[in-house]
Structure formats: C-alpha cells, structure tokens
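To start, the structure itself, in structure tokens.
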Amino acid sequence: MEITMKKYTPMDYDFVYQLKKVCYYPYVSEIWGWDEEKQTDYFNAFMENAKEKMNIIYSRGKRIGMINWSVDGDTCELENICILPEYRNQGIGSRLLAETIESGGFSKVRLQAFKKNPIIHLYHRLGFSIVEETENHYRMLLEK
C-alpha cells in the first residue's frame, strides 16, 4: 500500500479531531469518562503545540491517519500516531515508526501509550522498553 505524508494544514483540523476521538475514545471513556466539551478544550490546547510538528498520513489520496512528534536535543518524543481502524494491521504504523526512528538525528525515542492499547506489542517489537508506569499509561523508550 502506497503511503504518503503531508504537513498538517487548518483544513485537516476536523479530520484530526475525529481521528483522535476514534483512536482514544475507548481508553478515555473507560478511565475518565468522555466529556465532549472538555475533550474539545484539550484538543485545542494540543493543536496549538502540535500542528507545526504534525503530518497527515494518506493512502491513495485519502487521509487515513496522523503522526506528530517533537525533538529535544538527541531525543524524539513520539506524541501521537493515529490510524483509522480500517487501515490498521497492514504494516502502516510499523513502517512509519521505523522510518521516523531511522531518519531522525536523535539517539532516543520516547512515547507514552495507554496500557490497554494493543499497539504496545508493536512498540515492543520495534525495540521499545517500558521505563515508567502510571496507573493508565506506559512510558516507553528506544535507544538507538
């Protein structure tokens, strides 16, 4: 499957909100309950910081996901990788993560994931290890 990425533009705002809702709703609603107004506020605050470091993932001209990160010195913080459910388990996330890890000029990659998120298996397969645990999340690290 051919995958391309383009920088986020304001035209992607609604897509990214709905995508994050699809991806995170099961975990957020179970842990804290889903309050649409609060989630919209959280999302707006998130976008203020993330939009400059966000790419929209496309397949055959259709938006299918997003990825955003930040870099501080030799460490990349993978903040989000979200892919529409119908495009999961096709190697897209693995490929994008591997490309991000290999292409960057950093020696460490950090991320956080909900404990119940099955993507934890992918992170382990790519070499990430759990370095910290909270009640609901794992903090993971990959050292290149």
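Every value quoted in this text rests on a predicted model; they were computed, and no experiment measured them. Hydrogens, waters and symmetry mates play no part in the numbers below; they use all other heavy atoms, side chains included.
K7 meets the salt bridge (charged side-chain N to carboxylate O under 4.0 Å, His left out) test with no other residue; sequence neighbours excluded. Every residue was checked against the side-chain contact (heavy atoms from CB on, under 4.5 Å) condition with R60, not counting sequence neighbours, and none meets it. In this structure E99 satisfies the salt bridge (charged side-chain N to carboxylate O under 4.0 Å, His left out) test together with R95, sequence neighbours excluded. Under the salt bridge (charged side-chain N to carboxylate O under 4.0 Å, His left out) criterion, E77 pairs with R139, sequence neighbours left out. Scanning for salt bridge (charged side-chain N to carboxylate O under 4.0 Å, His left out) contacts around K6 gives an empty result, with sequence neighbours left out. Remark: P118 engages Y27 in a side-chain contact (heavy atoms from CB on, under 4.5 Å) (not counting sequence neighbours). In this structure E86 satisfies the side-chain contact (heavy atoms from CB on, under 4.5 Å) test together with K62, L84, sequence neighbours excluded. Residues meeting the side-chain contact (heavy atoms from CB on, under 4.5 Å) test with Y42, sequence neighbours left out: K38, Q39.
Membership of the apolar cluster around V131 extends to L141, as traced through chained side-chain contacts below 4.5 Å between ILVMFWY residues.
The ring pair (Phe, Tyr, Trp, His ring centres under 6.0 Å) analysis of residues 57-101, with sequence neighbours excluded, yields no pairs. Residue pairs meeting the salt bridge (Lys or Arg N to Asp or Glu O under 4.0 Å) criterion with at least one partner in residues 116-127, sequence neighbours excluded, are E30-K116. Counting only residues at least two apart or in different chains, ring pair (Phe, Tyr, Trp, His ring centres under 6.0 Å) contacts with residues 125-144 comprise F114-H137, Y123-F128.
A 4.5 Å side-chain heavy-atom check between F106 and D72 finds every atom pair outside the cut-off.
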